Amino acid sequence: MQKALKYLFLFVFTCSILNAQKPKTPSSSEIYESIQKLNFLGSVLYVAAHPDDENTRLISYLSNHVKARTAYLSITRGDGGQNLIGPEIRELLGVIRTQELLEARRIDGGEQFFTRANDFGFSKHPDETLSIWNKDEVLSDVVLAIRKFKPDIIINRFDHRSPGSTHGHHTSSAMLSFEAFDLANNKTAFPNQLNQTSLWQPKRLFFNTSWWFYGSQENFDKADKSNMLTFDIGTYYPLKGLSNNEVAALARSKHLSQGFGSLTQRGSQEEYIEFLKGEPLVNNENIFAGIETSWNRVKGGKAIGNILTEVERNFNFTNPSEHIPQLIEAYKLLQNIEDEYWKTQKIKELKSVIEMCAGLYLEASAETHMAAPSETVNINIEAVNRSETPITLVSLTNTDGLNILKNISLNNNTKFSFKEAIKIKDDAQPTSPYWLNSKGTLGMYKVENKSLIGSPETPRILKFDFNLLIENYPITFTKNIIQRYSEPDKGELYSPFEIIPEASAKITEKVIILNSDKQHDITVLVKAGRDNLEGSVEVCHPKDWNVYPEKQKVSIAHKGEEQTLVFTLIPPKNQSEGYISPIVHIGDKDYTKELIEIDYEHVPNQIVLLPSESKVVRLDIEKQGENIAYIQGAGDTVPESLEQIGYHVRILKPEEINAETLSLFDAVVVGIRAYNTVDELKYKQQILFDFVANGGNMIVQYNTGRGLVADNLAPYDLNISRDRVTDEDAEVRFINPEHPILNYPNKITEKDFEGWTQERGLYYPNSWSNEFTPILSMNDKNETPKDGSLLVSKYGKGHYIYTGLSFFREFPAGVSGAYRLFTNMLSLGKDDLKEEAKLND
Ligand SMILES: [Zn+2]
């Protein structure tokens, strides 16, 4: 019996975004820089396709040197990239990369926006990209970003005129930006947006060119630059003690999941932007030429500008609070400005400057880092004024109707703190990334609440308004509830405060591959989001599969604890695949999601709720050989997958690679990008080749040609290229249909290449010595055949196999054909060896 899945109804939030990171404790020089920025009224939007595409040198220069409000619009969240620091791929990698971008912006001073487009993987041409993305929706999101952010200047990272020369997402980002530049000011374009924002015409559009787009430095040196502007992005900031390029490198180094940790750089460096359209530049010196960027830009701004320029000119570095009366004066005047855009933006900036000048510390810290609806949570409230400025804490309020009257005057450096218990609303919705709440398509996230489109993360719903009187003028500071805590080996830590469902569940195995109709035990972990959880669990399954018992009781005493329940899965007699999903019934509510925690030191902890499901595959598969050694590279879950189909897999550390240890194994499999990431492998190649010569099989998965640690990847010549086949449905032709690898022990047919995900493979060799036999041929549309995806060679008594096929993507997706082919690779020659052993006996 198949049961309908009832997904949690997910609500919509409409709040501003603040992050729950460690609060800034700015020094006088940082306050001074914020005041300089307060006096600049101009903005720049930088547009590219992925997290890590952005030129942090330019973003930092515009934000820190020019003082412009600067933002990066990344069309995607980078789900399709590779993860060099952990197992998360696809949407979970997108969550990590979103946070890496936010961290980068905290360093370079920019803001961050996105569209709903999903990074579905490598794409060779914008035609393909824009057919997989919903072009109209992405264009609408770019137009919306322009209408909301109202940039004077837009800078594209990529050239909109050269499709096919780089990733299709890259060119598409530039094409969309080029089109949106005019549409943003066209009232017939996406008119529904005009309910939440207004038309906007940016002044100029540029392309952030470089020698790369000209093929060589030499070509670029010769190029006509009359249409270009140049900046020295190596400028030094004494207030920071850093050069702009150092700031940029620190920001760029936040892209750790992409392996972008890098050295800082100093010294003069030229950066070029090419004028594309808008108001032409008369004398090529300033991108803002002809745009008023002082307070005179807004009606009523002159008086504010006079005050704030005075503050900037006479800034007191030893006692910034001296300026608070003037800042409050400017703040009052700002309330009467008609220009909503600059009023909102500058109120935000000025409030922050006042807060910093007073050395104000306002915090609402929960005693726990997550809670379920209806739960009561203790909050520690702290308020300290570290200045002589008269400040009164009038009250604390929140949107749930909480109103705590205090009327306490916050005297210089006297900490005021108290505890307050708050009850999470019964219908509070989980704080999971909003773009993952509903199932989207291959190319697009589905965002139900249109007001969230563009936002980097889910706005926090739990926050406190600190209503203060500063110099007798009311100012409200809103603080998200966070958790501040310490760990003996880490020191003080800050964590976002999350709302989680009262129950979540997952099946421990994400893909269950069964090679017979023998029943299989599955483990369901139910996690309590609150104390005293009582209910039941059942597992939904496809019609021809079965699960018993039908239902089991759940009883968990403490929040955060898990209960393990074992069900028995009965596969059908014949090959079949589908999904099984646990449902937890608590009272009259059903919970069908899995709660995933992402914990890395370089980004805030993340909680993600995803539909809980596991793929089940009943597979006809035969294999030879049992014991496999696995050498991890950049990280993949291939070992777990091989264990699922009955292999014994041991992860070998580089220092464990020696002849004696290897003799225990039938095959060695090398993980993705091992020769790009594991330095020690350069000393181990001969040992591995000797293992092959003695009858072992060695399978090497893809590496990139750049930055290889060893010259000899294989016992014979092999040249890794950038050839890839990105269409996961591309036709696969058998060059050598009689080869054992396609016939034994499993007969491989076209059917085995059905249902592949994301791509066929990447970084195929494009030349190889005669000892290699190419097995498969494939190509993307309008390209020449690529024959290097699977290369087999006999070496001594064993086999060396190099493959760029994306087994690391297909295994976790439960693609049966990928398992069958890999099993043949592992089994290659194993029968001959057995025969030989018999003869020798
Ligand atoms: Zn990119």
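Nothing here was measured: the structure is a model prediction, and the numbers come from that model. Start at 1 and go down the list; that is how both ligands and their atoms are numbered.
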What N/O/S atom of [X] is the closest to the Zn ion (ligand 1)?
X    : answer
H170 : NE2
D53  : OD1
H50  : ND1

(message) At less than 2.8 Å, would any N/O/S atom of D52, backbone or side chain, sit next to the Zn ion (ligand 1)?
(response) no

Go through the side-chain N and O atoms of [X] and [Y] and say whether any donor and acceptor fall under 3.5 Å apart.
X    : Y    : value
Q82  : Q258 : no
T209 : E274 : no
Y46  : N208 : yes

(message) If you apply the rule side chain to side chain donor-acceptor pair (under 3.5 Å), what do you find for Q112 with S74, and how did you get there?
(response) CA-CA 8 Å; Q112 186 60 51; S74 178; 4.9 Å; no

